[in-house]
Amino acid sequence: MYSEKVMDHFTNPRNVGEILDADGIGEVGNAKCGDIMRMYLKIEDGIIEDVKFKTFGCGSAIASSSMATELIKGRTINEAMALTNKAVADALDGLPPVKMHCSVLAEQAIKSALLDYSKKSGVHIDGLEDVNFDDDHHHDVHEH
Ligand SMILES: [Zn+2]
């Protein structure tokens, strides 16, 4: 049911923890499996210098946050903004359809942290105003 990459990132998650002097902190949750994800960003000159996360949730949420941190570390803010939940799931070699919403959470956690950074630093980030942090995200897939 789960790919080797999902199992690997679940049992050995990367970038777990918190950044005490983070430039942006985002927290999102979903009601479906009770996942809560907190993302810490250290940003310098438009580059994500460091990223850490704490996720209280299901295995897919932990694997998604771990993979998402790997995908945005060292990247620009715009690259982090462009990261979709589908890209996270693809990097994990796929998630079961009923678990796609856990990868949505990873995308939202990054954007929520970028929003916090934007507010604190006064740096405008294109596309943030269109972000929808509701549970029923439009990228979510329907569960049957
Ligand atoms: Zn979940």
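In each ligand, atom 1 is the first atom listed, and ligand 1 is the first ligand listed.
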Atom pair CG (L128) and CE (M81), whose distance is rounded to the nearest 0.5 Å = 4.0 Å

SG (C33) - the Zn ion (ligand 1) - SG (C102) angle, nearest 10° = 110°

D35, N/O/S atom nearest the Zn ion (ligand 1) | OD2

In the hydrophobic clustering that connects Ile, Leu, Val, Met, Phe, Trp and Tyr at side-chain heavy-atom distances below 4.5 Å, which members other than I25 occupy its cluster, ordered by chain and number?
-> I19, Y40

Got a sec: is C58 within less than 2.8 Å of the Zn ion (ligand 1) via an N/O/S atom?
-> yes

Nearest heavy-atom contact between H101 and C33 is NE2-SG, 3.1 Å

Identify the two heavy atoms, one from E107 and one from L83, that lie closest to each other, and give their separation to 0.1 Å.
-> CG-O, 3.4 Å

